[in-house]
Amino acid sequence: FDEPSGSYQNIVDENTNLIPVKGYSLWASSSKASTFTFTGTPNNGNQSINVTYTENGSSFKGANLVGNPYPSYIDWNDFDDSWGAIYYWDGVADDFVEWNNGQGSGSKYIPPMQAFFIITDSDKTFTLTNEDRAHSGGGNYFKSDISSMHNIVLYTQNSNKDDELFIQFNDFASASFDKKYDAYKLVSTYEGNSQLYSIYDETNFSIDVRPFSNVIQLGFQNDVAGIYQIGVREFEGFSLIIEDTKTNWFHDLSKGPYEFIWDNSDSEKRFKLLHKAIGISEEYVEEKARIYIYDDRLIISSPSSLNNAKIRVFDMMGRLVFEDDESDKMEYALNLSGGAYIVAINSEELNQNEKIIIQ
């Protein structure tokens with residue numbers, strides 16, 4: 001990875017010498033799992049490399065791909081105060097995972113020969129010594145090191161690939177970027193990958209440690225239109241509300257993830273995270289189901305599951321055009337012409353009528 005240009009450069013000469021502490025991405029020639037053999041004397045002692053910061057106009061300015069040159073783990077606890085977050089590329093999720101000061105879905109233990117990004121704000125030298133080495137990484141690659149210090153872990157998911165946002169409230173941190181606590185959001189360029197982050201002062205965070213705040217501006221991206229969701233995996237002592245500024249809808253995340261239709265023209269700042277201490281009234285939160293049409297499908301997004309529900313659709317003349325009795329389904333295929341309709345849901349958990357319009 002070339003920091004000055006913010007892009008990858010292929011090595012085509014097989015006789016090129018690889019540089020210790022420099023990170024590389026390996027493209028295997030076989031589609032099958034393969035074993036690679038390394039021969040020679042393992043690296044030992046002090047190892048260093050120069051890293052650069054360039055105003056290259058990309059989101060990767062100051063991002064240098066370095067690597068663990070040792071046949072042992074490196075403990076990033078020795079570096080996070082001075083270098084900040086560490087960023088791994090997770091090839092399974094086609095996305096970045098981060099770790100900083102006890103937070104993130106990455107790992108503080110860097111496996112042997114593992115490449116990783118560090119972000120610098122100036123040209124300097126990155127140095128490793130034997131004192132930074134560890135006997136064991138304590139588990140799998142990218143092992144989560146979530147501790148009780150976390151307050152909130154949000155996620156978005158599509159195609160079984162998660163993207164997570166870690167938020168912690170700490171009176172010793174500032175709302176702006178703190179190298180010691182925070183991590184930037186490095187956005188995946190894979191088509192269709194949902195990306196979730198927080199935003200403060202035009203900086204995108206994947207790990208956001210800040211003083212307590214009642215409102216946090218979220219960021220969301222996906223270059224493919226569709227139905228997506230935002231949910232919460234971990235939170236303590238708070239009632240968490242998602243505000244959708246496009247639809248003026250408020251959703252309590254304790255009731256389940258928030259499902260929404262995403263269009264490529266939507267603002268990345270469409271969503272806000274609101275929270276108040278448990279016990280304070282949440283009169284502004286709608287407990288109704290969201291009912292809408294997408295690709296000729298009737299979608300019901302309910303705060304509670306449906307049991308033996310009766311689903312009926314009427315046209316504006318009052319004629320029944322669709323009916324399903326004793327249903328627990330949340331999605332129906334419809335073949336209706338354009339116009340306005342009334343959807344009626346009657347179940348033990350929910351009784352609701354909603355007007356929908358089919359273009």
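In this text, all values refer to a predicted model and were calculated from it rather than measured experimentally. Nothing fancy with the numbering, it's 1 onward along the sequence. Values reported hereafter were calculated over all heavy atoms of this structure, with side chains retained and with hydrogens, waters and symmetry mates removed.
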- Under 4.5 Å between any side-chain heavy atoms of V153 and V232, yes or no? no
- Message: Return the CD1 to OG1 distance between I49 and T125, rounded to the nearest 0.5 Å.
- Response: 9.5 Å
- Task: For residues F166 and F205, establish whether the separation of their ring centroids is below 6.0 Å.
- Result: no
- Item | Side chain proximity check, F117 to V66, heavy atoms < 4.5 angstrom | no
- Message: Quick check on the hydrophobic clustering: are I11 and M113 connected, directly or via other members, by side-chain heavy-atom contacts under 4.5 Å?
- Response: no
- Message: Once you measure the plane-to-plane angle for F220 and Y228, does it fall in the parallel (<30°), tilted (30-60°) or perpendicular (>60°) bin?
- Response: tilted
- Do the side-chain N and O atoms of N50 and D123 include a donor-acceptor pair separated by under 3.5 angstrom? no
- Which atom names give the shortest non-hydrogen contact between N68 and Y70, and what distance separates them? OD1-N, 2.9 Å
- Task: Report yes or no: do V215 and I241 belong to one cluster of Ile/Leu/Val/Met/Phe/Trp/Tyr joined by side chain heavy-atom distances under 4.5 Å?
- Result: yes
- Side chains of Y184 and E98: does their closest heavy-atom pair fall under 4.5 Å? no
- With side-chain hydrogen bond (donor to acceptor under 3.5 Å, both in side chains) as the test, would you mind laying out the steps for D201 and S176 before giving the verdict? CA-CA 7 Å; D201 196 24; S176 57; over 6 Å; no
- Item | Closest heavy-atom pair and its distance - I199, G219 | CD1-CA, 3.9 Å
- Classify the side-chain pair N193/S188 by whether it contains a donor and acceptor separated by less than 3.5 Å. yes
- For the residue pair Y87 and F116, establish whether any side-chain heavy-atom pair is separated by less than 4.5 Å. no
- Query: Rounded to the nearest 0.5 Å, how far apart are CG of D324 and NZ of K310?
  - Reply: 10.5 Å
- Side-chain donor or acceptor of H251 paired with backbone N/O of E259 under 3.5 Å: no
- Query: Is there a donor-acceptor pair under 3.5 Å between the side chain of T156 and the backbone N or O of Q229?
  - Reply: yes
- How far apart are the closest heavy atoms of V92 and K161, and which atoms are they? O-CE, 3.8 Å
- Message: Would you compute the distance between atom NZ of K108 and atom CD1 of I74 and round it to the nearest 0.5 angstrom?
- Response: 14.0 Å
- Applying side-chain contact (heavy atoms from CB on, under 4.5 Å), run through I152 and L240 and close with a yes or a no. CA-CA 9 Å; I152 303 169; L240 299 178; 3.8 Å; yes
- Task: For residues Y200 and R210, determine if any side-chain heavy atom of one lies less than 4.5 Å from a side-chain heavy atom of the other.
- Result: yes
- Message: Check this for me: does any side-chain nitrogen of one of K185 and D182 sit under 4.0 Å from a carboxylate oxygen of the other?
- Response: no
- Single-linkage hydrophobic cluster L26~F38, side-chain heavy atoms < 4.5 angstrom: yes
- Heavy-atom donor-acceptor pair, D90 side chain to V97 backbone, under 3.5 Å: no
- Query: Looking at CD1 of I242 and CG of D244, how far apart are the two atoms once the value is rounded to the nearest 0.5 Å?
  - Reply: 8.5 Å
- Side chains of E243 and N248, donor plus acceptor under 3.5 Å: no
- Working for side-chain hydrogen bond (donor to acceptor under 3.5 Å, both in side chains), residues Y53 and E55: CA-CA 7 Å; Y53 174 88; E55 288 285 356; 2.9 Å; yes
- Message: Hydrophobic clusters here meaning ILVMFWY residues chained together by side-chain heavy-atom distances under 4.5 Å, can you tell me if F212 and I216 are in one?
- Response: yes
- Query: Going from CD1 on I19 to OG1 on T16, what distance comes out if it is rounded to the nearest 0.5 angstrom?
  - Reply: 10.0 Å
- Task: Please determine, by modelled atom types, if T245 and R270 share a side-chain donor-acceptor pair under 3.5 angstrom.
- Result: no
- Query: Are D325 and R312 close enough for a salt bridge, meaning some N to O gap below 4.0 Å?
  - Reply: no
- Item | K272 atom NZ, over 12 foreign heavy atoms within 6.0 Å | no
- To the nearest 0.5 Å, how far apart are CZ in R133 and CG in D75? 13.0 Å
- Note on the structure: Heavy atoms of Y341 and D315 approach each other most closely as CD2-CA, 3.7 Å
- Query: Between P20 and P69, which heavy-atom pair has the shortest distance, and what is it?
  - Reply: CB-CB, 4.4 Å
- Query: Would you say the side chains of D263 and S265 form a donor-acceptor pair under 3.5 Å?
  - Reply: yes
- Query: Does any donor atom in the side chain of D162 or Q157 lie under 3.5 Å from an acceptor atom in the other side chain?
  - Reply: yes
- Would you tell me whether D163 and Y155 have side-chain atoms, one donor and one acceptor, within less than 3.5 Å of each other? no
- Query: Does a side-chain N-to-carboxylate-O contact under 4.0 Å join D266 and K246?
  - Reply: yes
- Task: State which residue, out of Q217, Q221, E164, fulfils the side chain to side chain donor-acceptor pair (under 3.5 Å) condition with Y197.
- Result: Q221
- Item | pair Y181-D80: side-chain heavy atoms closer than 4.5 Å | no
- Is the closest side-chain heavy-atom distance between E323 and I311 below 4.5 Å? no
- Hey, mind stepping through T127 and V21 against side-chain contact (heavy atoms from CB on, under 4.5 Å) and telling me if it holds? CA-CA 9 Å; T127 301; V21 196; over 6 Å; no
- Task: For the pair Q195 and N222, evaluate side-chain contact (heavy atoms from CB on, under 4.5 Å) and give the outcome as yes or no after the intermediate values.
- Result: CA-CA 6 Å; Q195 301 286 280; N222 196 309; over 6 Å; no
- Item | D13 side chain to N15 backbone, donor-acceptor under 3.5 Å | yes
- Item | S174 to P211 - nearest heavy-atom pair and separation | C-CD, 3.6 Å
- Is a side-chain donor or acceptor of N151 paired with a backbone partner of F169 at a separation under 3.5 angstrom? yes
- Item | Short side-chain to backbone donor-acceptor contact, N10 and V12, under 3.5 Å | no
- Check each of F1, F96, Y8 against W89 using the ring pair (Phe, Tyr, Trp, His ring centres under 6.0 Å) test, and report the only one that passes. F96
- Residues I118, V51; criterion side-chain contact (heavy atoms from CB on, under 4.5 Å); working and verdict: CA-CA 9 Å; I118 56 175; V51 295; 4.3 Å; yes
- Query: When you look at E3 and K61, which way does the salt bridge (charged side-chain N to carboxylate O under 4.0 Å, His left out) test go after all the steps?
  - Reply: CA-CA 7 Å; E3 188 276 336; K61 62 182 179 182; over 6 Å; no
- Donor-acceptor contact present, side-chain N130 to main-chain N44, <3.5 Å: no
- Message: Do I230 and F271 have side chains that approach each other closer than 4.5 Å (heavy atoms only, starting at C-beta)?
- Response: yes
- Would you say the ring centroid of W76 lies under 6.0 angstrom from that of Y109? no
- Query: When the ring planes of F126 and W83 are compared, do they come out parallel, tilted or perpendicular, using 30° and 60° as the limits?
  - Reply: perpendicular
- Message: Looking only at the side chains, is there a donor atom on one of N46 and T129 sitting less than 3.5 Å from an acceptor on the other?
- Response: no
- State plainly whether one hydrophobic cluster holds both I119 and V187, where clusters connect Ile, Leu, Val, Met, Phe, Trp and Tyr through side-chain heavy atoms under 4.5 angstrom apart. no
